[in-house]
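Written out below as structure tokens is the structure these notes cover.
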Amino acid sequence: LSSFLPVVFKSDEFTISAILTGHAQDVKCVKWHPNDSLLFSASYDNTIKCWRYDDNVDDWLCTYTMEGHDSTVWQLDFDSTGEFLCSCSDDKTWSVWRMINPQNFENKGIISGCHIRSIFSISWAGSFIATGASDNRICVFELN
């Protein structure tokens, strides 16, 4: 039974190591890169930002801002290699981005047509991407 009890952390076990600012509006999602020390954030300002810790200045810097959605970016996910990032938006679309390096991303495409309302959730597993939206639908896409 004890293995089912929740783990309790004391507040003094965590300290704030950084506060990142740069989005113009609410941050809706943060996601760590699966292989590199990069943090990605999605925002109500319709953008995705890539953040990297820079030892030279002892701070986190925004290395790139991705633009392409026409409304709030709600969530992000990566493929298993970390080369590709997918995002979903209030604009009823989802996108795939290719990371060339932390300073350069390529939008590989904006996908629409499955959902008729805001897409709030996206998940990438193997060759499948699933999206969930406020139209009460889950759409599963298979990569060719």
Side-chain angles (χ1 to χ4, degrees), residues 5-144:
L5 296 177
V7 176
V8 177
F9 293 99
K10 295 180 287 188
S11 62
D12 62 350
E13 291 178 352
F14 294 93
T15 58
I16 296 173
S17 63
I19 297 174
L20 312 181
T21 59
H23 281 290
Q25 295 185 36
D26 305 359
V27 175
K28 299 301 183 183
C29 175
V30 291
K31 183 81 172 177
W32 289 105
H33 188 277
N35 305 317
D36 293 325
S37 297
L38 300 170
L39 180 64
F40 290 77
S41 55
S43 174
Y44 193 76
D45 66 11
N46 310 347
T47 68
I48 301 163
K49 291 189 181 290
C50 175
W51 306 86
R52 166 178 251 155
Y53 183 76
D54 187 330
D55 287 319
N56 296 324
V57 295
D58 190 30
D59 202 0
W60 287 83
L61 303 176
C62 178
T63 63
Y64 195 81
T65 300
M66 289 167 259
E67 298 176 342
H69 285 291
D70 293 329
S71 193
T72 305
V73 182
W74 287 103
Q75 194 172 34
L76 310 168
D77 203 8
F78 286 94
D79 75 326
S80 60
T81 69
E83 180 181 359
F84 294 96
L85 168 74
C86 59
S87 59
C88 63
S89 173
D90 203 47
D91 64 10
K92 304 180 224 72
T93 69
W94 61 277
S95 293
V96 175
W97 310 81
R98 180 173 173 258
M99 185 171 80
I100 298 164
N101 59 54
Q103 293 82 32
N104 194 2
F105 291 79
E106 174 185 29
N107 189 331
K108 298 299 288 180
I110 297 174
I111 296 88
S112 63
C114 182
H115 292 289
I116 57 172
R117 297 193 59 197
S118 301
I119 304 173
F120 289 113
S121 180
I122 193 161
S123 182
W124 195 324
S127 63
F128 294 97
I129 294 175
T131 57
S134 60
D135 57 8
N136 305 332
R137 297 164 71 180
I138 299 167
C139 294
V140 179
F141 300 87
E142 186 171 8
L143 302 173
N144 296 327

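No experiment lies behind these values; they were computed from the predicted model shown.
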* Any idea which heavy atoms bring Leu76 and Ser87 closest together, and the distance? -> CD2-CB, 3.7 Å
* To do: In plain terms, say whether Arg52 and Asp54 are close enough for a salt bridge, that is, a side-chain N and a carboxylate O under 4.0 Å apart.
  => no
* Asked: Does any non-hydrogen side-chain atom of Asp77 lie less than 4.5 Å from one of Lys31?
  -> yes
* To do: Hey, could you give me each pair passing ring pair (Phe, Tyr, Trp, His ring centres under 6.0 Å) that has a residue in residues 84-119? Not counting sequence neighbours.
  => Phe40-Phe105, Tyr64-Phe105, Trp94-Phe141
* Do Val30 and Leu20 have side-chain heavy atoms sitting under 4.5 Å apart? -> no
* To do: Please report the shortest heavy-atom distance between Trp60 and Ala18, naming the atom on each side.
  => CD1-CB, 3.5 Å
* **Closest contact, heavy atoms only, His69 versus Ser95** => CE1-OG, 3.4 Å
* Quick one: which residue pairs count as a salt bridge (charged side-chain N to carboxylate O under 4.0 Å, His left out) with a foot in residues 129-144, not counting sequence neighbours? => none
* To do: Could you check if a side-chain atom of Ser37 sits within less than 4.5 angstrom of a side-chain atom of Tyr53, using non-hydrogen atoms only?
  => no
* To do: Could you check if a side-chain atom of Met99 sits within less than 4.5 angstrom of a side-chain atom of Leu38, using non-hydrogen atoms only?
  => yes
* Tell me, do Leu143 and Val96 make a side-chain contact under 4.5 Å, heavy atoms counted? -> no
With a 3.5 Å cut-off and sequence neighbours excluded, list the donor-acceptor pairs that the side chains of residues 120-129 form with protein atoms.
{"residue": "Ser121", "atom": "OG", "partner": "Gln75", "partner atom": "OE1", "Å": "3.2"}
{"residue": "Trp124", "atom": "NE1", "partner": "Gly126", "partner atom": "O", "Å": "3.1"}

* **Separation between SG of Cys139 and CD1 of Ile111, rounded to the nearest 0.5 Å** => 12.0 Å
* **Heavy-atom side-chain proximity of Ser43 to Lys49 below 4.5 angstrom** => no
* Give the C-alpha distance, both sets of side-chain angles, the deciding distance and a yes or no for side-chain contact (heavy atoms from CB on, under 4.5 Å) between His23 and Thr47. => CA-CA 8 Å; His23 281 290; Thr47 68; 3.4 Å; yes
* Asked: Got a second to check how far Asp59's CG is from Asn56's CG, nearest 0.5 Å?
  -> 12.0 Å
* Heavy atoms only: give me the nearest Glu106-Ile100 pair and the separation to one decimal. => CB-CD1, 4.1 Å
* Asked: Taking side chain as C-beta onward, heavy atoms only, is Ile119 less than 4.5 Å from Trp74?
  -> no
* Once you round to the nearest 0.5 Å, how far does CG of Asn46 lie from OG1 of Thr65? -> 12.5 Å
* In this structure, are over 12 heavy atoms from other groups packed under 6.0 Å from Ile138 atom CD1? -> no
* To do: State whether the side chain of Asp91 and the backbone N or O of Asp70 hold a donor-acceptor pair below 3.5 Å, judged by distance alone.
  => yes
* CG on Leu61 to OG1 on Thr63, rounded to 0.5 Å -> 8.5 Å
* Which pair of heavy atoms, one from His33 and one from Gly82, lies closest together, and at what distance? -> NE2-O, 2.8 Å
* Structure fact -> All heavy atoms of Gly109 vs all of Asn107, minimum pair found to be N-OD1, 2.9 Å
* Hey, is the main chain of Ser71 close enough, under 3.5 Å, to the side chain of Ser89 for a donor-acceptor pair? -> yes
